[in-house]
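What's counted below: heavy atoms across the whole structure, side chains too, no hydrogens, waters or symmetry copies. Within every chain, numbering begins at 1; the chains are lettered A, B, ... in the order of the sequence lines, protein sequences first and strands thereafter.
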Protein chains: 2
Amino acid sequence: MEGNIESKFKAAVSVDNVIFGFDNNDLKVLLIYRGAEPYKDCWALPGDLISLDQDLEQSAENVLQNLTGLDNIYMDQIHTFGRVDRHPFGRVFTVAYFALIKIQDYMVKPSSWAEEAAWFPINEVPELPFDHMEILAYAKDLLKNKIRHQPIGFELLPKYFTLTEIQSLYEAILETQFDTRNFRKKLLSMNLIVDTGRQQKEVAHRPAKLYKYITKRYAQLQQSGFSFDL
Amino acid sequence: MEGNIESKFKAAVSVDNVIFGFDNNDLKVLLIYRGAEPYKDCWALPGDLISLDQDLEQSAENVLQNLTGLDNIYMDQIHTFGRVDRHPFGRVFTVAYFALIKIQDYMVKPSSWAEEAAWFPINEVPELPFDHMEILAYAKDLLKNKIRHQPIGFELLPKYFTLTEIQSLYEAILETQFDTRNFRKKLLSMNLIVDTGRQQKEVAHRPAKLYKYITKRYAQLQQSGFSFDL
DNA sequence: TTAAATAAGTGTATTTTGCACACTTTGCCT
DNA sequence: AGGCAAAGTGTGCAAAATACACTTATTTAA
């Protein structure tokens, strides 16, 4: 390293993840219970300081991986927060990410938790430390916008899902109601999901057909100028 | 400061601005000619290291202000770049911003330049150092998406503009052609711009009407569930 | 076995929006 | 006065969005 950088410019940089899940018609966020200062014994967004030999993206993935044991997850950078006084121990910038996970995949192996963690319905999140409330607000907003223009809702659903499930996912996130017939017509006309021939089991009513999302299809369609919209 | 942060986490953070302008039917970017190492004597995005007592947003605004003398400019955070080896002198994260300026306002007082700077048409940008090419690509992309859903195109035009000007702005950024009649119909139906009664002067053909953008109107309409789309 | 309960699934008519398309007007210049 | 250059303007057709209500499949309890 030839021309070193003056220490008056040196700050810490962290990543914070807003991890979304969907379950029982509720959009949920995964929070951790802080075991160390500052803000010990508070619920907060999972995050970590970035060490100098780690790429930014990599750090965000590591936080997720350490917490959930999951890999190959949809993640997206949200925004970077850098108020001078946002951290009580010194100057810390934080780069916020969001991740969408299939909550069912995660629930089955909670033994991998490095720290105490819990899912909170998006409207029952406790007061969060630092500027995490602001980060969460940004994340919700981005999710709302993104889900209408990109087929990312499927990341929150199990591999096989019903049309009712995806509709209520959209309704939960966008905080609106859709007409069932119109919603289905539009969704199916995009040819991104297919009927698998399977059915729901063990429900106390007419079982719904199970569909799956065809990842490749979207990539193909995009070439031809197709744009997702719901 | 009670619990200090270990120095193994300390990196530098900079801001880099992608400053867009529109002139002569061309979308342009403002680049500076670097007078210092690294990459001395290269054209690059204007940027600066953030000092510890400065908020992130503030730093981005300062870079713009120092370069152009302009204030109250539309700016937006794009993305943060944090590859380990992106800077040859050490670990430097950079937060990229974009700014939209009325190029005419700027052109008249180039004396305020702190460094040598020049406008480059977006398709004639020279090879840029660091990951600035990647940053520029992100910025173009964001601009393309944003301009279709938010009335930010006006930030690139003079206070009074013609319908032809705004159409060619959209055509330049989106790299498409619009039908004049349909474009005008849609734009005018949003009630965001009004005919000022003024006219173009000193053109060798029928002078066009001059319109202006009503900032307040958009805020009002948003309340009523209106969404901008072009 | 039958009836009730629950959610799944399905079609049509109307309104709105998007899109294609070509000629006339205004003012300047020579 | 005639030519030039860009501004400005309306209609018809096709596609998409919206509003709207009943039938079907399965489980559970009488």
Chemist: Rounded to the nearest angstrom, tell me the gap between atom NZ in B:K201 and atom P in D:dA6.
Modeler: 20 Å

Chemist: Within this structure, what is the CE-to-P distance between B:M190 and C:dT17, rounded to whole angstrom?
Modeler: 13 Å

Chemist: Round to a whole Å and report the spacing from CZ of B:F183 to P of D:dG8.
Modeler: 13 Å

Chemist: For the side chain of A:N182, counting heavy atoms from C-beta on, which of D:dA7, D:dA19, C:dG9 is nearest?
Modeler: D:dA19

Chemist: Could you give the CD-to-C1' distance, from B:Q177 to C:dC21, as a whole number of Å?
Modeler: 16 Å

Chemist: A:H205 has a side chain; which of C:dT6, C:dG27, D:dA17 sits nearest to it?
Modeler: C:dT6

Chemist: Consider the side chain of A:K186, meaning its heavy atoms from C-beta on, and name the nucleotide among D:dA17, D:dA7, C:dC21 that approaches it most closely.
Modeler: D:dA17

Chemist: Run the salt-bridge test on A:K212 and A:D195 with the 4.0 Å N-O cut-off and return the result as yes or no.
Modeler: no

Chemist: Hey, is the side chain of A:R206 pairing donor to acceptor with the base of C:dT6 inside 3.5 Å?
Modeler: no

Chemist: Can you check whether A:Y39 and A:F130 have ring centres sitting under 6.0 Å from each other?
Modeler: yes

Chemist: Using 0.5 Å steps for rounding, measure from the OH atom of A:Y218 to the CZ atom of A:F228.
Modeler: 8.0 Å

Chemist: If each of A:E202 and B:D179 is mapped to the nucleotide of DNA chain D with the nearest heavy atom, which maps nearer the 5' terminus, i.e. the 5' end?
Modeler: B:D179

Chemist: When you measure from the side-chain N and O atoms of A:R184 to the phosphate of C:dG9, is any distance below 4.0 Å, counting only OP1 and OP2?
Modeler: yes

Chemist: Tell me whether A:D41 at atom CG has more than 12 heavy atoms from other residues, nucleotides or ligands lying less than 6.0 Å away.
Modeler: yes

Chemist: Taking atom P of D:dT9 as reference, at what distance in whole Å does atom CZ of B:F178 sit?
Modeler: 20 Å

Chemist: Between B:H79 and B:Y138 (judged by ring centroids, cut-off 6.0 Å), do the two rings come close enough to count as a pair?
Modeler: yes

Chemist: Using whole Å, what does the distance between atom C1' of nucleotide C:dG27 and atom CG of B:L210 come to?
Modeler: 15 Å

Chemist: Expressed in angstrom and rounded to an integer, what is the separation of A:L230 atom CG from D:dT18 atom P?
Modeler: 11 Å

Chemist: What does A:T164 touch in the nucleic acid at a heavy-atom separation under 4.0 angstrom: a base, only the sugar-phosphate, or nothing?
Modeler: sugar-phosphate

Chemist: Whole-Å distance between C:dG9 P and A:L188 CG?
Modeler: 10 Å

Chemist: For B:K185, answer base if it contacts any base atom (sugar-phosphate contacts may also be present), sugar-phosphate if it contacts only those atoms, and nothing otherwise; contact means non-hydrogen atoms under 4.0 Å.
Modeler: base

Chemist: Check every atom of C:dA8, C:dT10, D:dT18 against the side chain of A:R181 and return the nucleotide holding the closest atom.
Modeler: C:dT10

Chemist: Among C:dC28, D:dT28, C:dG9, which is the nearest nucleotide to the side chain of A:A204?
Modeler: D:dT28

Chemist: Does B:K209 put a side-chain nitrogen or oxygen below 4.0 Å from OP1 or OP2 of C:dG27?
Modeler: no

